[in-house]
Every structure is written in C-alpha cells, then in structure tokens.
Amino acid sequence: MRYFAACLLLFAAPLQAHPHVFVETGLRLVASESGAIQGVEVTWRYDELYSLLVLEDMELDSDFDGQLTMPELERLNGFDLQWVDGFEGDLYAQSAAGRLKLGAPQNRGTSFMAGQIISRHYRSLEGADATLSLKAFDPTYYTAYDLGLGIDLPVGCKAEVVKADVSAATQMVMDLMGDSVDDPEADYPEVGEAFADEIVVTCDSGS
C-alpha cells in the first residue's frame with residue numbers, strides 16, 4: 001500500500017464493505033518516434049473521504065474552506081509516491097512474452113478540486129510490442145480502481161476495454177472466505193485482479 005494506507009486501517013470497515021478506498025484512474029500512453037509505447041502517465045483522483053483523511057493527517061486546509069494555499073499544495077505534491085518496498089504502483093502491464101517492467105514513478109503534479117485530491121505520475125515501460133495489456137488494481141482489493149478518467153492513446157493505437165466479471169469475482173471471494181466472510185479479523189485473499197478491467201492496446205508499430 002502507499003504511504004497513507006496505514007492511517008486508513010484505523011477506519012477499516014468489516015470485510016463486506018471492502019474495498020475502502022476508491023480511485024478514478026486515467027491512463028495516457030506515450031509512444032516513441034518509432035511508434036512503440038515507451039511509458040504511461042497515470043492520473044489518480046481519490047474519493048472525497050480518502051482525500052479528507054489525507055488532508056487531516058497532513059494538517060492541511062486548517063481553515064476548512066475547501067481550498068489549499070500554494071504552500072499547502074507544495075506539501076501535498078507527491079504525497080502518494082513514497083512507495084514501500086514491494087509496492088508495484090497498482091498498475092500491471094503484460095505482452096505476449098510476459099510481464100513488462102514499469103519504471104519508478106516520476107511526479108507530474110498534485111491538485112485539489114471539489115474535495116478530491118488528483119495526482120499524476122509517469123512511469124516508463126520497457127519491452128512493449130505492438131499489443132500490450134494493462135490492468136490497474138490493488139491485489140488486496142483494499143483500494144478499488146476504475147477507468148473513470150479514460151484512456152488517452154498515441155496516434156496509430158487503439159484500445160479495447162475488457163470489463164471484469166464482478167459477479168464472478170464476488171462469488172469467488174465468497175467461496176474463498178467461506179464462513180469467515182463477515183469476520184473483520186480474517187485474512188482477506190488477494191483477489192483485486194479479478195475485479196479489474198483489462199485494457200488491450202494495439203498499435204500499428206511496436207518495438
């Protein structure tokens with residue numbers, strides 16, 4: 001989880017209310033001069049509750065006017081890029097040859113609008129060919145991502161979104177949890193990928 005996940009555990013609801021954080025996601029794919037995908041800019045717009053918790057934890061917007069001053073925005077900038085060891089950024093890329101490596105995040109700015117924090121970062125992408133698959137998900141499903149902010153593609157590329165079968169994923173959770181599904185102390189299985197839409201990108205040219 002990211003830097004502020006630990007503080008959110010204090011507010012965790014029972015498992016049936018899982019997930020606890022909701023993030024609208026936007027992806028802008030970047031191509032090289034040859035047309036190969038070489039990176040992706042990720043936009044995260046956090047839900048209002050999580051945004052409020054972050055502001056409270058960082059002691060921002062102390063006058064509660066819903067506006068951040070420039071010094072406060074500077075403090076907020078990059079708040080979610082302090083990734084712990086093993087955290088993969090909740091974005092996964094794959095080609096026919098297997099998993100693709102995404103680079104470390106490069107900060108592209110943070111803003112605060114209508115009670116929601118919006119952050120952007122860029123990650124390089126190694127080894128992409130003419131067709132690749134992208135999924136945005138938290139393996140633990142503590143955070144739920146959707147593609148509400150859309151997908152921006154380079155010229156010559158097209159994308160197909162394969163929607164997750166949420167009913168099947170929910171039933172899988174029920175089957176895995178059994179009688180412990182309502183136990184807040186139970187270990188929750190890593191089922192996030194089952195709830196994730198898949199983005200299949202095909203470009204005219206690849207690496």
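The first residue in the sequence is number 1, and the count goes up from there.
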Of the non-hydrogen atoms in [X] and [Y], which two are nearest, and what is the gap between them?
X    : Y    : result
L134 : A93  : CD2-CB, 3.5 Å
S51  : G115 : CB-O, 3.5 Å
S111 : R120 : OG-NH1, 4.5 Å
A164 : A196 : CB-O, 3.5 Å
P154 : I37  : CG-CD1, 3.8 Å

With rounding to the nearest 0.5 Å, note down the distance linking [atom1] in [X] to [atom2] in [Y].
X    : Y    : atom1 : atom2 : value
R108 : E41  : CZ    : CD    : 5.0 Å
I151 : C157 : CD1   : SG    : 12.0 Å
D165 : Q171 : CG    : CD    : 11.0 Å
L55  : D57  : CG    : CG    : 10.0 Å
M113 : I118 : CE    : CD1   : 5.5 Å
D146 : R45  : CG    : CZ    : 9.0 Å

query = Given the rule in the side chain to side chain contact (heavy atoms under 4.5 Å, CB included) test, do W44 and H121 qualify, once you have shown the distances and angles that lead to the verdict?
reply = CA-CA 9 Å; W44 286 332; H121 63 272; 3.5 Å; yes

Ignoring hydrogens and angles, tell me if any N or O in the side chain of [X] forms a donor-acceptor pair with the backbone of [Y] under 3.5 Å.
X    : Y    : value
E72  : T69  : yes
S32  : Q38  : no
D138 : T143 : yes
D61  : L68  : no
S95  : D129 : no
N77  : T110 : yes

request  = Please say which of F22, F112, F79 ends up in a ring-ring contact (aromatic ring centres under 6.0 Å, His included) with Y46.
outcome  =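 Between Y46 and the candidates, ring-ring contact (aromatic ring centres under 6.0 Å, His included) is satisfied uniquely by F79.
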
inquiry  = Under the ring-ring contact (aromatic ring centres under 6.0 Å, His included) test against F195, which residue among Y142, Y141, F137, Y145 passes?
reply    =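 By the ring-ring contact (aromatic ring centres under 6.0 Å, His included) criterion, F195 pairs with just one of Y142, Y141, F137, Y145: Y141.
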
ask   = When you check the side-chain N and O atoms of E198 and S133, is any donor under 3.5 Å from an acceptor?
value =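 On atom types as modelled, these side chains qualify, holding a pair under 3.5 Å.
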
Cluster link [X] to [Y], ILVMFWY, side chain under 4.5 Å:
X    : Y    : answer
M70  : I117 : yes
L149 : L29  : no
L52  : L60  : no
V84  : V23  : yes

Salt bridge present between R123 and E88 (N-O < 4.0 angstrom) =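 No, R123 and E88 are not salt-bridged.
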
Heavy-atom side-chain contact between [X] and [Y] under 4.5 Å:
X    : Y    : answer
D47  : V21  : yes
C203 : V201 : yes
P105 : Y122 : no
L147 : V161 : yes
V54  : L76  : yes
M172 : D175 : no
L100 : Q94  : no
R99  : Y92  : yes

Listed partners of E126 passing side-chain hydrogen bond (donor to acceptor under 3.5 Å, both in side chains), at least two apart =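 Residues passing side-chain hydrogen bond (donor to acceptor under 3.5 Å, both in side chains) with E126: none at all.
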
task = I would like to know whether V30 and V40 meet side chain to side chain contact (heavy atoms under 4.5 Å, CB included); could you show each step before the answer?
result = CA-CA 6 Å; V30 179; V40 56; over 6 Å; no

ask   = Taking it one step at a time, do L176 and V191 satisfy side chain to side chain contact (heavy atoms under 4.5 Å, CB included)?
value = CA-CA 10 Å; L176 289 172; V191 295; 3.8 Å; yes

inquiry  = Evaluate D152 against L27 for side chain to side chain contact (heavy atoms under 4.5 Å, CB included), listing each step before the verdict.
reply    = CA-CA 6 Å; D152 188 3; L27 301 176; over 6 Å; no

